Peer 1: 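For reference, the structure I am asking about is given below.
Whatever order the structure lists ligands and atoms in, that order sets their numbers, starting from 1. Fair warning: this is a prediction, and the values are worked out from it, not measured in the lab.
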Amino acid sequence: MVDHVSLYRAPTTVADGDAVADWLHERIDASVAVRDRFLECYRIEGLPEWFAEARVRSPYERATGTTMLGTIRYEERALEHPEREGGVLYDGHQIQQALNAALPETESELEHAHVVLLDRAIGTWGEHDGRWHKRVAVLGQPAIVSVPGLYEAPAKPEAYYREKQTHALLSGDVPPREVLENQVGGEFLIEADPRTTDALKGYVLAAYHYLETGEAFCENDGCRLFDAHYHEDLIAAQLREPEFCKEHAALYGD
Ligand SMILES: [Zn+2]
């Protein structure tokens, strides 16, 4: 039984950890506390090396990591100045292991759920198709909820990719993302989207739900515990009524 949740802020993003915590607290039977950035709270030795080893090298290559000195220096800088990093994809399970090792022993019991809002993109390897997939969340202890993952992991509407291709054909380059995002109809979340905090709530609840019940995401696409593969589904699951499927409304609904 989870009796306490610690939620860690991601101050370089627009995600409002306190608002997520308030929402969560109203729905579960456990205390919820908000803490500062995880990597600020627990800075164990060797973290830059963990991050360097967890770097995805290529979308189709299972092996991760590089021990090049420059990479470790980059990771050291990224830990010190998180606002400066970006564009790297990490193996979510390896990052989870690193953060688990960083948790103080007195707090690593599963009664105390740790949920880390992270300002990095994470992925998991798809055994079935031999490639990396970006993820919004990797459940477990601690659970990682990636804020960039919210924008990057689900597939965007088809019009988005069409527009991108058309632009590339006409001008020979990739259009700036802002341009693309303004030109495409259909619904998707863009970086620093004002709906970010709201859209993250279900993933944070899923982190709690997993430790509490052993169940991962919900199969029902109208439920906040659904792990959407498309932006339109993510918006429907997280931002539209009803909040939950019948089964999960009984647990977390009003
Ligand atoms: Zn459900």
Side-chain angles (χ1 to χ4, degrees), residues 1-8 10 15-34 92-93 96 110-118 121-124 126-129 133-157 186-189 193-254:
M1 284 287 284
V2 175
D3 54 32
H4 188 70
V5 179
S6 290
L7 177 70
Y8 297 84
D16 180 345
D18 298 78
V20 175
D22 288 345
W23 180 89
L24 184 67
H25 187 237
E26 284 171 17
R27 281 159 183 80
I28 64 173
D29 191 18
S31 57
V32 181
V34 188
H93 291 296
Q96 184 174 54
L110 296 182
E111 288 77 26
H112 187 160
H114 298 265
V115 185
V116 182
L117 298 178
L118 196 67
I122 53 170
T124 57
E127 289 295 346
H128 61 292
D129 58 359
H133 297 268
K134 286 186 181 174
R135 297 285 175 208
V136 182
V138 171
L139 307 179
Q141 179 76 320
I144 301 175
V145 179
S146 163
V147 181
L150 191 65
Y151 318 127
E152 298 170 20
K156 296 194 171 64
E187 284 220 273
F188 56 100
L189 296 167
D193 199 289
R195 298 168 290 181
T196 297
T197 299
D198 251 354
L200 287 171
K201 289 172 179 171
Y203 291 90
V204 173
L205 179 62
Y208 164 87
H209 184 71
Y210 181 63
L211 289 192
E212 180 72 8
T213 67
E215 287 169 16
F217 293 102
C218 177
E219 293 297 308
N220 190 313
D221 63 10
C223 181
R224 275 208 187 244
L225 298 179
F226 180 67
D227 190 21
H229 292 117
Y230 296 91
H231 269 270
E232 282 143 322
D233 293 342
L234 188 151
I235 287 167
Q238 298 301 337
L239 304 176
R240 300 228 173 91
E241 297 292 325
E243 278 201 307
F244 300 106
C245 69
K246 230 172 136 190
E247 183 194 339
H248 294 128
L251 288 175
Y252 304 121
D254 299 328

Peer 1: Test Cys218 against every option in His209, Arg224, His248 by the side chain to side chain contact (heavy atoms under 4.5 Å, CB included) rule and name the one that passes.
Peer 2: His248
Peer 1: Strictly below 4.0 Å, N to O, side chains only: are Arg240 and Glu187 in salt-bridge contact?
Peer 2: yes
Peer 1: Any sub-3.5 Å donor-acceptor pair from Glu243's side-chain atoms to Gly202's backbone N or O?
Peer 2: no
Peer 1: As a quick check of understanding, evaluate side-chain hydrogen bond (donor to acceptor under 3.5 Å, both in side chains) for Thr124 and His93, giving each step before the final call.
Peer 2: CA-CA 7 Å; Thr124 57; His93 291 296; 5.4 Å; no
Peer 1: List for me each residue that meets salt bridge (charged side-chain N to carboxylate O under 4.0 Å, His left out) alongside Arg135, sequence neighbours excluded, and say none if there are none.
Peer 2: none
Peer 1: Below 2.8 Å of the Zn ion (ligand 1), tally up the protein N/O/S atoms for me.
Peer 2: 4
Peer 1: Under 6.0 Å from the CG atom of Asp29, do we count more than 12 heavy atoms belonging to anything else shown?
Peer 2: no
